[in-house]
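For reference, the structure discussed in these notes is given below.
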Amino acid sequence: MKLRDLKRHEVEAGLHNGSLPIEVGPFVVRLKTRFPEVIDRVALLYADYSVHAGEFADFWVAVAPGNGFRRWFHPQARFLFDGHEPFAPLVRAQGYAFFEWGLNWCIANHMHVWLILHAAVLERGGCALVMPGSPGKGKSTLAAALMLRGWRLLSDEFALLSPGDLCLTPVPRPVSLKNESIEAIRRFAPESVIGQASYDTAKGTVAHLRPTPESVMKSAQVARPRWIVFPRFVAGAAGELSPRSKARTLLEAAQNGFNYAILAETAFDALAAALDDCECYDFCYGDLEEAVDVFGRLAAAA
Amino acid sequence: VAAIRYRARAGLRRRHWPGEEECVVLHPLTGDTHVLGSAAAHVLDLLATDESSLRSIVGAAVEDEEALLAEMQRVLDMLEEADLVEPVEA
């Protein structure tokens with residue numbers, strides 16, 4: 001059963017008491033919240049996700065009201081994980097973004113069976129495109145554009161690389177768009193489903209894009225990395241792929257690793273082995289349509 | 001200085017890909033990953049098999065030996081700063 005198959009009052013009831021386990025890639029998430037604006041966005045953006053049949057959940061999280069007078073005076077939202085509160089509260093209007101960021105934190109800090117890189121990952125024709133990079137380089141925007149032109153989204157945030165078989169496990173979630181990227185994606189694909197924006201966050205204005213149904217439906221299908229690309233948006237720039245060395249690619253990918261230092265030799269060996277079969281590029285782009293064409297040609301040549 | 005002997009740290013993990021000059025090295029104790037150029041990789045190779053002095057790394061049959069000694073000392077200093085090699089007690 002998918003979330004969209006539930007009636008609104010069933011989604012509300014499930015989120016009110018945390019009894020609605022949602023399958024998000026390999027994880028099961030139970031969110032508890034009474035904020036209508038968070039429930040609205042979960043219902044909209046997670047509509048294609050399956051409701052888990054069992055009791056088990058990997059992550060029990062909550063977006064809860066502030067304590068004391070912060071329930072009503074400049075109201076706050078708190079993020080709770082297993083009853084613990086790892087972050088200071090945010091303003092309530094940022095509650096949904098807080099849920100997404102909190103879930104990122106849960107995955108990055110607990111799932112060490114994978115080497116976790118900060119990267120967007122997409123797939124076409126069985127080959128995965130990994131785009132590591134620090135925030136602000138345009139990887140989420142590019143990932144969104146590729147997804148909206150038929151690439152399967154594995155994640156806009158995490159590359160989960162299995163050291164054993166060197167496959168990438170999908171964890172497709174709503175794509176986090178920031179600032180100018182929100183309107184850019186609306187113009188690029190007017191049919192795209194984007195949730196209500198959160199304003200004045202630490203990252204500016206943030207809104208989340210619903211993943212394509214195919215990306216969610218195929219979230220059990222792993223993919224082998226084929227291209228590792230470091231994107232960089234430069235206004236007005238022509239889309240250009242520039243080959244880069246595997247040695248420097250490994251170093252920069254490691255710098256974007258959430259748990260590279262924890263896995264140490266295992267992470268190094270896995271990254272090095274994955275790079276054996278990968279082409280590595282820097283990619284400068286200034287136009288989304290042109291960027292999609294460049295990656296279309298790359299995939300066609302594979 | 002040229003007589004000081006060095007050896008590579010134990011347990012270093014290294015990968016090099018065909019057609020590339022640079023290689024990557026993981027220091028398992030510090031957890032640091034380094035990209036090395038071809039000169040540093042060559043010196044590290046020599047020191048992985050046996051401890052050596054700068055003088056023996058450079059050898060005697062090289063023209064402009066002083067310049068090469070200075071360059072190799074710079075490479076050794078860099079490798080030592082990254083803790084990939086260590087001087088050996090006499």
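In what follows, every chain begins at residue 1, and chains take the letters A, B, ... in the order their sequences are listed. Just the heavy atoms: all of them, side chains too, but no hydrogens, waters or symmetry mates, feed the values below.
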Q: May I ask you to list the residues in residues 155-163 of chain A that approach chain B closer than 4.5 angstrom, counting heavy atoms only, ordered by number?
A: none
Q.
I need the minimum non-hydrogen distance between Phe268(A) and Arg15(B), along with the two atoms involved.
A. CE2-CG, 4.0 Å
Q) Considering heavy atoms only, which positions within residues 237-253 of chain A lie below 4.5 Å of chain B? A) Ser245(A), Lys246(A), Ala247(A), Arg248(A), Leu250(A), Leu251(A)
Q. Does a sphere of radius 6.0 Å around CD in Glu265(A) hold more than 12 heavy atoms from other residues, nucleotides or ligands, not counting ones at 6.0 Å or beyond?
A. yes
Q: Side chain from CB out, backbone as N, CA, C, O: work out which of these in Glu22(B) comes under 4.5 Å of a heavy atom of chain A, or both, or neither.
A: both
Q. Side chain, backbone, both or neither: which part of Ala272(A) has a heavy atom under 4.5 Å from chain B?
A. both
Q: Using a heavy-atom cutoff of under 4.5 Å, enumerate the residues of residues 275-294 of chain A that contact chain B, numbered in order, or state 'none'.
A: Leu275(A), Asp276(A)
Q) If you draw a 6.0 Å radius around CZ in Arg232(A), do more than 12 non-hydrogen atoms from other residues or ligands fall strictly inside? A) no
(Q) With a strict 4.5 Å heavy-atom criterion, list every residue of residues 103-114 of chain A that contacts chain B, or say none. (A) none
